[in-house]
Amino acid sequence: MNNKQISSLLNQLADLMELKGENPFKANAYRRAARAVENSRKPLDELEKGPEELPGVGKGTAQAIREIMETGRLETLDRLLKELPAGLPGLMSIPGLGPKSIHLLYHKLGITDIGNLEEALKQGRVRGLPGFGEKKEKNILEGIRRMKERPRRYLLIHVLPVAETLKERLAKHPDVERVEAAGSLRRMTETVKDIDLVVATEKPSSVAESIVSMPEVTEVINHGETKVSVMIHRGFDIQVDVRLVPPDRFITALHHFTGSKEHNVRIRQRAKERGWRVSEYGIHDPERGEVFTFSGEEEMYRKLDLPFIAPEMREDRGEMDKKPDELPRLLKTGDYRGDLHMHTRWSDGTASVRDMALAARERGYEYIAITDHSHSLKVASGLTPDDLKRQREEIDAVNEELDGITVLAGTEMDILPDGSLDFPDEVLEELDLVIASVHSGFRQDGKTLTRRILNALENPHVHILAHPTGRLINRRDPYEVDLDRIFEAARKTKTILELNSNPNRLDLKDLHLKRAKEEYGLHFSINTDAHSPEMLDFIRLGIATARRGWLEADDVINTFSLDRLRKRLDEIKQHK
DNA sequence: GCCGTTTTCGGCCCGACTGTTTTCAGTCG
């Protein structure tokens, strides 16, 4: 049982307890414990004093965690699963329905799933219940329709341009003083559910009016004085929530709607210790009858004796408990000097070596590495050793021709299903950079896959392990690899782990990066794996993910000067 | 169920919005 699986069982238990109508604080205690387990830097069986070490885990939840670790099951959970109909938790995802309503529907009308809920609604049986009227009935039906129609979360890359267009358009509105994206979009989480915008304006109704009359709007969900929610269609459907606030409340509102919810809870608790209350309208001091507002978020954090915490770190993953000088100085876009993983027409890319070099130079890079696939990857027309030699000649010519950019000759070499590498050492030693990765046989069991990767890490010529878990967001689960063994091996061999910036991958992900850095002190390489010049822009997602993983410039070899980079690559070879 | 040098009991983040009420409960973010 890994941490993720343990936390998922605890969350499931919390949901069912709430549905059953148990003390919501108790359910919440299990949720907090689940979060603590998920965010734990170490696997649970490596904690010295057991689960109680984690914040929010006490006697009761620790007992539950132990039971899961020992037996793989949780008896209270099994009992509730037997007691409550299997479809009941699914009702929680209907907008407008919460645990209290579902509890009531189940007990009074015997509603057990979406099917018979719809039936009961259409027969008018629901509206008789206490607290349920005609409108609520309509809203629930509407909620069911909306839930069935739309996917849960969208990839960040698809939503970013839509949000930016909306933002630019609103910024031009004469009554808008300021507009910013908030929510998970501002925190740059890998997927987002909706678009949150915060607008500073003295004339909310005028702005609200122009929002609901935008051409993309397919549905107005909410049209109030301070909040407008619409569904828009731009290639796909997505909900947009716009908060309209007076200009002096803009910062506290932006902070509030940026979240995360968990971070905000910690902020409010901290304010409470000082006798204050925090809301989207400001920090309220009831004793002196004052409301503090701010001109920047830095100022707001300072008021609470906190250093500025970047949006990407606001997840209650320890950022609130660090002393100011212990917080990382997060990697910035300007720190990035070169992309070390990309493809050309030699394998499955669309551009030439020269095109990629020019595109990189335009972006201000000092160097790149061309890393086409190796010959076993037939679907991507991988290169033979002979192709590599001829490609090297082309790279030399480009280096000769172009000033201001250096092109390194590399490979993305397959780690074959039997654990061997696709090129012999005498081919590898001719290259400036060797990336190893798994592209086949990822349904092998965890042990075999882990062994394959460990074997690649042992090879003195392998500098970087690419997309270590192989996951595709919303499409393919990560390989069943033992990441801690891989991290340990990377530490011993000084091998660098990749953060692949492809929007479908983002692999390693934020939590893995944080753990690999804090527990193993590893170095990383953030690359786009671009197959065309435009794809170099995926780096934005990679840098955002690195920031979410608390990485600093010095943790990332792409921030090194070319000299330092070469030394670091050399060191790997010498060390192994 | 968790937590605490102002607390080992009595709290547990805050406000808007909606729909159902005639003073409030449930849901949401």
Side-chain angles (χ1 to χ4, degrees), chain A residues 10 13-14 17-19 21-36 51-52 54-65 76 91-105 126-140 142-143 146 182-187 192-198 204 221-229 239-245 249 252-284 286 291 304 314 316 320:
Chain A
L10 293 173
L13 177 62
M17 282 171 38
E18 217 172 12
L19 280 177
E22 286 207 43
N23 178 359
F25 294 111
K26 190 169 154 185
N28 205 33
Y30 278 96
R31 255 184 218 117
R32 285 212 345 156
R35 274 185 56 76
E52 288 93 338
L54 301 173
V57 175
K59 242 170 75 182
T61 47
Q63 183 48 42
I65 293 169
T76 29
L91 298 179
M92 286 287 288
S93 50
I94 299 171
L97 271 193
K100 295 271 167 60
S101 308
I102 296 171
H103 187 68
L104 193 72
L105 288 166
V126 173
R127 75 175 78 168
L129 294 177
F132 287 79
E134 209 175 321
K135 278 224 171 137
K136 204 149 187 179
E137 185 182 84
K138 234 177 79 191
N139 284 345
I140 298 171
E142 186 65 13
R146 206 172 290 154
S184 53
L185 197 72
R186 179 158 182 248
R187 302 200 312 279
V192 298
K193 188 163 70 63
D194 51 21
I195 297 174
D196 287 301
L197 297 172
V198 181
I221 297 163
N222 198 315
H223 187 171
E225 267 290 294
T226 63
K227 177 183 168 176
V228 183
S229 295
Q239 185 171 328
V240 182
D241 294 332
V242 189
R243 322 282 164 157
L244 307 158
V245 300
R249 308 291 163 95
T252 44
L254 178 64
H255 180 269
H256 177 84
F257 291 112
T258 296
S260 66
K261 212 175 131 190
E262 290 78 10
H263 178 80
N264 286 354
V265 167
R266 295 292 308 272
I267 289 281
R268 293 196 198 105
Q269 283 168 343
R270 191 175 176 95
K272 202 168 175 170
E273 287 163 17
R274 290 161 172 71
W276 303 331
R277 272 202 331 263
V278 178
S279 76
E280 57 262 53
Y281 298 108
I283 298 183
H284 181 61
V291 177
L304 295 167
R314 299 181 195 165
D316 191 22
M320 293 282 294

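As the structure is a computational prediction, the values presented were derived from the model and not from experiment.
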Given B/dA16, is OP1 or OP2 found less than 4.0 Å from the side-chain N or O atoms of A/Tyr281? yes
Would you classify A/Phe257 as touching base, sugar-phosphate or nothing, given that sugar-phosphate means primed atoms plus P, OP1 and OP2, and contacts are heavy atoms under 4.0 Å? nothing
side-chain hydrogen bond (donor to acceptor under 3.5 Å, both in side chains) filter on A/Arg186, not counting sequence neighbours, yields A/Thr258, A/Glu297
Kindly give the atom pairs (protein nitrogen or oxygen, nucleotide nitrogen or oxygen) under 3.5 Å for nucleotides 3-9 of chain B.
residue: B/dC3; atom: OP1; partner: A/Gly56; partner atom: N; Å: 2.9

With sequence neighbours excluded, tell me which residues meet side-chain hydrogen bond (donor to acceptor under 3.5 Å, both in side chains) with A/Glu134. none
Quick one: is B/dG29 close enough that its OP1 or OP2 comes under 4.0 Å of any side-chain N or O from A/Arg243? no
Determine: side-chain N/O of A/Lys193 to OP1/OP2 of B/dG29, distance under 4.0 Å, yes or no. yes
Take atom C1' in B/dT8 and the same atom in B/dC2, then report the distance between them in whole Å. 12 Å
Polar side-chain contact A/Asn23-B/dG1 base: donor and acceptor under 3.5 Å: yes
List for me each residue that meets side chain to side chain contact (heavy atoms under 4.5 Å, CB included) alongside A/Asn139, sequence neighbours excluded, and say none if there are none. none
Proximity to DNA chain B (any heavy atom under 4.0 Å), residues of residues 94-101 of chain A only: A/Ile94, A/Pro95, A/Gly96, A/Leu97, A/Gly98, A/Pro99, A/Lys100, A/Ser101
Taking only residues two or more places apart in sequence, or in another chain, which ones meet A/Ser101 in a side chain to side chain contact (heavy atoms under 4.5 Å, CB included)? A/Leu97, A/Phe132
Dump every N/O contact between nucleotides 17-21 of chain B and the protein below 3.5 Å, one line per pair.
residue: B/dC17; atom: OP1; partner: A/Thr226; partner atom: OG1; Å: 2.5
residue: B/dT18; atom: OP1; partner: A/Asn222; partner atom: OD1; Å: 3.3
residue: B/dG19; atom: OP1; partner: A/Asn139; partner atom: ND2; Å: 3.0
residue: B/dT20; atom: OP1; partner: A/Gly133; partner atom: N; Å: 2.5
residue: B/dT20; atom: OP1; partner: A/Gly133; partner atom: O; Å: 3.3
residue: B/dT20; atom: OP1; partner: A/Glu134; partner atom: N; Å: 3.4
residue: B/dT20; atom: OP1; partner: A/Lys136; partner atom: N; Å: 3.4

For A/Thr252, which residues count as a side-chain hydrogen bond (donor to acceptor under 3.5 Å, both in side chains) partner, sequence neighbours excluded? none
Using the test ring pair (Phe, Tyr, Trp, His ring centres under 6.0 Å), find all partners of A/His103 that sit at least two apart in sequence or belong to another chain. A/His107
Please name all residues satisfying salt bridge (charged side-chain N to carboxylate O under 4.0 Å, His left out) with A/Glu137, sequence neighbours left out, ordered by chain then number. A/Arg127
Kindly write out the residues that satisfy side-chain hydrogen bond (donor to acceptor under 3.5 Å, both in side chains) with A/Arg31, not counting sequence neighbours, or none if the list is empty. A/Asp15, A/Glu18
Under the side chain to side chain contact (heavy atoms under 4.5 Å, CB included) test, which residues partner A/Glu22, sequence neighbours left out? A/Met17, A/Lys26
